[in-house]
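The structure under discussion appears below in the form of structure tokens.
Below, all heavy atoms of this structure are taken into account, side chains as well, without hydrogens, waters or symmetry copies.
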Amino acid sequence: MTSGRSARAGAEEWQPVCRLEDLRVGQGAVALVHGQSVAVFRTSREEVHAVGNHDPFLHTQSVSRGIVGARDGVPFVGSARHGHAFDLVTGRCLDDEHAALPAYPVRIVDGRVLVGPRRVDLSA
């Protein structure tokens, strides 16, 4: 997946990364967004999430290869190697409160997936 040129929406920059149809439900893909490696996941027909691709436990760019699921209604990606799960909305690790991934807002506009700037507040 490649990134295109940035689109402006208000004061925030939204970067197109792919077409929605290019993402398979339940699988991750990698995109370069705002200079960062980002894992993009389509969890349902119209729901897409983006988090940092750097695994803080393995110290590798491997989050996009994780297993997608839901725990108590929270969409997550889990590592097949160490089992830790990360909330796809906030980036917080569901198994270790000291670990988190950067989280990015996602919009779908005219069938294109746009990723915004990194969220500063992990509760959103």
Side-chain angles (χ1 to χ4, degrees):
M1 184 178 333
T2 61
S3 59
R5 50 172 232 235
S6 295
R8 285 292 248 172
E12 299 175 297
E13 285 190 27
W14 290 83
Q15 191 166 357
V17 295
C18 66
R19 296 177 312 208
L20 179 62
E21 66 190 43
D22 293 337
L23 296 174
R24 298 175 86 184
V25 174
Q27 292 184 348
V30 179
L32 185 62
V33 178
H34 307 298
Q36 301 298 313
S37 178
V38 173
V40 181
F41 297 92
R42 184 175 179 184
T43 55
S44 71
R45 189 166 184 235
E46 294 294 324
E47 189 173 59
V48 178
H49 302 279
V51 293
N53 194 39
H54 182 264
D55 186 312
F57 296 99
L58 296 175
H59 305 290
T60 60
Q61 299 291 328
S62 60
V63 172
S64 64
R65 295 189 300 255
I67 300 165
V68 177
R71 186 186 296 175
D72 298 324
V74 175
F76 73 87
V77 59
S79 170
R81 294 212 31 222
H82 57 67
H84 288 93
F86 295 91
D87 183 324
L88 286 172
V89 176
T90 66
R92 288 193 173 131
C93 182
L94 302 176
D95 306 305
D96 182 340
E97 65 184 41
H98 298 101
L101 302 172
Y104 298 83
V106 176
R107 291 181 180 165
I108 301 168
V109 178
D110 297 328
R112 303 273 309 159
V113 177
L114 306 175
V115 176
R118 180 179 173 171
R119 287 188 176 125
V120 176
D121 179 7
L122 291 178
S123 65

Indicate yes or no: at least one non-hydrogen side-chain atom of Val68 is less than 4.5 angstrom from one of Pro75.
no
First locate atom CG of Asp55, then atom NE2 of His82, and finally report the distance between them rounded to the nearest 0.5 Å.
3.5 Å
Please name the pair of heavy atoms, one in Tyr104 and one in Pro117, separated by the smallest distance, quoted to 0.1 Å.
CD2-C, 3.9 Å
Any donor and acceptor pair, going by atom type alone, linking the side chain of Gln15 with main-chain N or O of His34 inside 3.5 Å?
yes
Measure the shortest side-chain to side-chain distance between Pro105 and Arg119 over non-hydrogen atoms and say whether it is less than 4.5 angstrom.
yes
Once you round to the nearest 0.5 Å, how far does NE2 of His84 lie from CG of Leu94?
10.5 Å
Give me the atom names and distance for the closest heavy-atom approach of Val89 to Asp87.
N-OD1, 2.6 Å
State, with a plain yes or no, whether a side-chain heavy atom of Gln36 is found less than 4.5 Å away from one of Asn53.
no
Please tell me if the side chains of Val106 and Val113 come closer than 4.5 Å, counting only heavy atoms from C-beta onward.
yes
Working to the nearest 0.5 Å, report the span between CG of Leu23 and NE2 of His49.
11.5 Å
Shortest non-hydrogen pair, Ala99 vs Phe57, comes out as CB-CZ, 3.6 Å
Distance (rounded to the nearest 0.5 Å) between Ser79 OG and Ile67 CD1:
7.5 Å
Shared hydrophobic cluster for Val33 and Ile108 (ILVMFWY, side-chain gaps under 4.5 Å)
yes
Using a 4.5 Å cut-off on heavy atoms from C-beta on, say whether the side chain of Cys18 contacts that of Val40.
no
Once you round to the nearest 0.5 Å, how far does CD of Glu21 lie from CZ of Arg112?
9.5 Å
Euclidean distance, Asp96 CG relative to Phe86 CZ, rounded to 0.5 Å:
8.0 Å
If you take all heavy atoms of Thr60 and Ser62, which pair is closest and at what distance?
OG1-OG, 2.7 Å
Contact between Gln61 and Val30 at the side-chain level, heavy atoms closer than 4.5 Å - yes or no?
no
Looking only at heavy atoms, which two atoms of Val63 and Phe41 are closest? And how far apart?
O-CZ, 3.4 Å
Pro56 and Ala100 have their tightest heavy-atom pair at CG-O, 4.3 Å
CZ of Arg71: more than 12 outside heavy atoms within 6.0 angstrom?
yes
